[in-house]
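Notes follow once the structure below has been shown.
In this chain, numbering begins with 1 at the start of the sequence shown. In this text the structure is predicted, and so the values were computed from the model without any measurement.
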Amino acid sequence: MFDIQEELKKLPDQPGVYLMHDAKDAIIYIGKAVSLRNRVRQYFQSSRNKGAKIEKMVTQIERFEYILTDSELEALVLECNLIKEHRPKYNTMLKDDKTYPYIKVTLGEEYPRVLFSRQMKKDKSRYYGPYTSAGAVRDTIDLIRRLYQIRSCNRVLPRDAGKERPCLNYHIHQCTAPCRGCVSPLEYRKVVQAAMEFLGGKYTPVIRELEEKMTAAAAALDFEKAAEYRDLLGSVKQIAQKQKITSFDGEDRDIIALAMDDRDAVVQVFFVRQGKLIGREHFHVTIGAEDTPREVMSVFIRQYYAGTPFIPREIMLQMEIDDVEIMENWLSARRGQKSVIRVPKKGSREKLVALAAQNAQMVLTQDREKIRREEGRTIGAVKEISALLHLGYVRRMEAYDISNTNGFESVGSMVVYEKGKPCRSDYRRFKLRTVTGPDDYASMREVLTRRFTHGMEEREQNREKQLGEEYGSFTRFPDLILMDGGKGQVHIALQVLDELGLCIPVCGMVKDDHHRTRGLYYDNEEIAIDTHSEGFRLITRIQDEAHRFAIEYHRSLRSREQVHSVLDDIPLIGPERRKALMRHYQSIEAIRKADVGALKQVDSMNERAAESVYNFFHDDTRGKKS
C-alpha cells in the first residue's frame, strides 16, 4: 500500500515533474518543480493556504509519482508534454486543441507545388502562416494556382514526366504541364518565386499586371478573357485588403492578453506575420477561483506553444509572468532561433496589447451571456420539469420510442439527455427479437427489459471486478424515464421496473390529436405544462429526438431488406459466390436457365454449390415463389 507520508520523506531535492493519482489510478494533476522535495510536500502541509481547488484535489490523492530531470527547463518541457497527453482534471487547461493551417511551397521538388498543410516540418519547403482560417488558406492557394499555373498533382517529376497525359488543369489554363515537359525547371522556378513574393505580401505588381491584361483584352474585344482577369483582380484585392499593415518592422510577433472572472478565462492572440496583422484567435481556459492572471497566462503560454509548430521571434504580453528566462530558453529551443517575451509599457505596441485585452473581455462577456441563455434552455428547463413533477434535481433523462411499418422490422430507440443536453454517446438502438406485428406495448416491454437487465448485469460484473458503476454502456440509470405516450406506455414501464426491483420515476409525454405534446402523465394523472416554457420546449426536443432516432434506424433496416437478393436464400451461396454468379451471368434469369455443368465453370463454384443453385431454381415450389 502507498504510504504518502513515508514517500514524502524519500523525495529528492532535484528538479522534475510530479504526477498525482486518484483511487482509480487516474492522473488528476501534473506539475513541475525546481525541488521535488519542497514542492510536493507543500500539498500535504495543513498550515499552508492552498486554495479551494487544490484542497479538494489533495483529498483525492491516493499516490504520487515523479520523474527526475537535469534542469528546470527539461521539467517544463516534460510537464507540457504530459499535460497534453493526459489532460488532468485539476490542471488549469487550455480547452481549445486547435491546429492552424499553413501554405507550404515544396522547394525540395524540382517542380514545386503550393499546398495546404496543418504541420510545419523541418524540410526543404517554405511555409507561410499560420493562418486562422482554413477556408481563406484554400482560397489563396486556389488563386495562386490560377494566377501562376502551378501544378497541384502528386506526380514525382521529372521521374514520371511523359508517362500520362496532362490533367484537366492544363486544359483550363491552371497548370503549365511540367509533366509533359511543356516548361523548363528554370522557367517554372521563376513563376514559383513570383508566387512566393505574392504570399509574402507583394500584391502591387500582380494588381498592376492584371489591370494591364484586362485593359488589353477589352481593347481587343476579348471580353471573356477580360472578365477572367477582372475576377482574378477582384480576388487579389480582396486578399490584399485582409492584410492589415502594422507599424512594426516586418517581424513575426504574437500579441497575447486575457480577461477572466472567478470561473472562466479567455485569452486573445493577435498574429503578426512579416509586419502584417493576419488574424486573431481566442482560447478558453478552465481555471480555479484562486488562480491569478499571471498564473493563467503562464500556463497558457506553456500549453499553447507546446502544441503549435510556429514560434514567433517576439511574444508581447499584457503582464509579467513567472519563469520568464526559462520560458524564453524553451521557446528559443523549439524555434531554433532566439525568441523573446516582452511586456510593452507605451507606444503602439502597448496599444495593440490593450486592443487584444479589449477583445478578450468582449468574448468573455458575450460567452457569459451565451452560457446564461444556454443554461436557461438546458439546466433551467430541467429544473422546471423537476419542479412540475415534484422530484429532486433530474440530471439524467432517458426517452424511448418504437418504430415499425405494419409490424415490419420493429425497432426501439433510447435517447439520453444529461443536464438538458443530448448525450449521443449513450444513445442505443434495439432490434426487436420476441415481438411480431405492430404491438407497441409488447415492443416497449422488450426494449426496457433488455436495457435494464443488461445494466444490472454490468453493475454486478463491475462489483465483482471492484470497478465503479460508470464502467459499461448501460450501468448508468436515469433519474427520470420519459415514454413517448400516455397512461398505457407508462404502466408498461412501471411493470418492467417493478419486476426488476428498480425504482425510477416514469413520465409519459402525452400528445394531442395533431400529434403535438400537450402535457405530461405522471403518478396516475395528466399534468398540464406551459407551452411557452423552456421545460415544454425541452420535452418537445426530447420527444422529437427519440422519434427521429427510431425512424432513422428503421429506415436503414428497410433499405437493407430492399437490397436483399434471391441468391442470399440459396444454401452454400455466400457473398463471394453471389458476386461471382452475377458477374458471370449478369441477371437472375440467366442463372435460372443455366445447368449444373455451366454453373460449375463460374469462379469459386464447385459441384455441390452448382447443384444447390440448380435445385433452388428448379424445385417446383421454389420456382413459383421466385
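- Using a 30° and 60° split on the angle between ring planes, Phe549 and Tyr427 fall in the perpendicular class, above 60°.
- In terms of the ring-ring contact (aromatic ring centres under 6.0 Å, His included) criterion, residue partners of Tyr18 (sequence neighbours excluded) are, by chain and number, Tyr43.
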I'd like to know whether Met319 forms a side-chain contact (heavy atoms from CB on, under 4.5 Å) with Leu317, so could you lay out the CA-CA distance, the side-chain angles of the two residues, the decisive distance to 0.1 Å, and finally the verdict.
CA-CA 5 Å; Met319 64 197 71; Leu317 303 183; 5.7 Å; no

Going through the checks in order, is the side-chain contact (heavy atoms from CB on, under 4.5 Å) test met by Glu7 and Lys10?
CA-CA 5 Å; Glu7 295 299 325; Lys10 302 175 185 177; 3.3 Å; yes

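- Between the NE2 atom of His21 and the CD1 atom of Ile27 there is a distance of 4.5 Å, given to the nearest 0.5 Å.
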Test salt bridge (charged side-chain N to carboxylate O under 4.0 Å, His left out) on Lys32 and Glu72 and set out the steps.
CA-CA 8 Å; Lys32 66 174 177 63; Glu72 191 179 0; 3.6 Å; yes

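- No donor-acceptor pair under 3.5 Å is formed between the side chain of Ser403 and the backbone N or O of Val411.
- Atom NZ of Lys338 sits in a crowded spot, with more than 12 heavy atoms from other residues, nucleotides or ligands closer than 6.0 Å.
- When only modelled atom types and interatomic distance are considered, Gln489 and Asp484 share no side-chain donor-acceptor pair under 3.5 Å.
- Under 3.5 Å, the side chains of Tyr90 and Gln60 contain a donor-acceptor pair of N or O atoms.
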Salt bridge (charged side-chain N to carboxylate O under 4.0 Å, His left out) between Arg548 and Asp401, worked out
CA-CA 9 Å; Arg548 177 200 66 78; Asp401 193 15; over 6 Å; no

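- Ser298 and Arg302 share a side-chain donor-acceptor pair at under 3.5 Å.
- Considering only residues two or more places apart in sequence or on other chains, Pro15 meets the side chain to side chain contact (heavy atoms under 4.5 Å, CB included) condition with Thr69.
- For the residue pair His491 and Gln495, no side-chain donor N or O sits within less than 3.5 Å of a side-chain acceptor on the partner.
- Remark: Arg334 is not positioned above the aromatic ring of Tyr305, lacking an NZ or CZ atom under 6.0 angstrom from the ring centre and at most 45 degrees off the axis.
- For the pair Gln318 (side chain) and Leu258 (backbone), a donor-acceptor distance under 3.5 Å is present.
- At a threshold of 4.0 Å, the pair Glu552-Arg429 counts as salt-bridged, since one of the basic side-chain nitrogens sits closer than that to a carboxylate oxygen.
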Leu538 vs Tyr417, side-chain contact (heavy atoms from CB on, under 4.5 Å): CA-CA, chis, key distance, verdict
CA-CA 10 Å; Leu538 177 58; Tyr417 275 64; 4.1 Å; yes

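- The aromatic ring centroids of Phe2 and Phe64 lie less than 6.0 Å from each other.
- Here OH of Tyr521 is found 15.5 Å from CE of Met509. Values are rounded to the nearest 0.5 Å.
- Note: Asp22 CG to Thr59 OG1 = 10.5 Å, rounded to the nearest 0.5 Å.
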Salt bridge (charged side-chain N to carboxylate O under 4.0 Å, His left out) evaluation trace for Glu534 with Arg377
CA-CA 6 Å; Glu534 291 294 349; Arg377 292 181 69 250; 5.1 Å; no

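- Taking all atoms of both residues into account, the shortest heavy-atom contact from Tyr127 to Ser117 is CE2-OG, 4.1 Å.
- Using a 4.0 Å cut-off between a side-chain N of Lys or Arg and a carboxylate O of Asp or Glu, Glu418 and Arg396 qualify as a salt bridge.
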Taking it one step at a time, do Arg476 and Arg395 satisfy side-chain contact (heavy atoms from CB on, under 4.5 Å)?
CA-CA 11 Å; Arg476 299 180 62 201; Arg395 176 186 174 85; 4.2 Å; yes

Would you please test Glu458 and His454 for side chain to side chain donor-acceptor pair (under 3.5 Å) and show each step?
CA-CA 6 Å; Glu458 284 187 348; His454 194 166; 3.2 Å; yes

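- Listed by chain and number, the residues in a side chain to side chain contact (heavy atoms under 4.5 Å, CB included) with Lys351 amount to none (sequence neighbours excluded).
- At least one test fails for Arg451 against the ring of Phe474: distance under 6.0 Å to the centre or angle within 45° of the axis.
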Under 3.5 Å donor-acceptor pairs involving side-chain atoms of residues 381-389, not counting sequence neighbours:
unit_1	atom_1	unit_2	atom_2	d
Glu384	OE1	Gly535	N	2.8
Ser386	OG	Val382	O	2.9
Ser386	OG	Val394	N	3.3

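- Partners of Glu6 by side chain to side chain contact (heavy atoms under 4.5 Å, CB included), not counting sequence neighbours, listed by chain and number: Asp3, Lys9.
- Applying the salt bridge (Lys or Arg N to Asp or Glu O under 4.0 Å) test to residues at least two apart or on different chains, the pairs with a partner in residues 521-533 are Arg518-Glu526.
- Aromatic ring pairs are classed by plane angle as parallel below 30°, tilted from 30° to 60° and perpendicular above 60°; the pair Tyr304 and Phe300 is parallel.
- Here the side chain of Arg342 pairs no donor or acceptor atom with the backbone of Met316 at under 3.5 angstrom.
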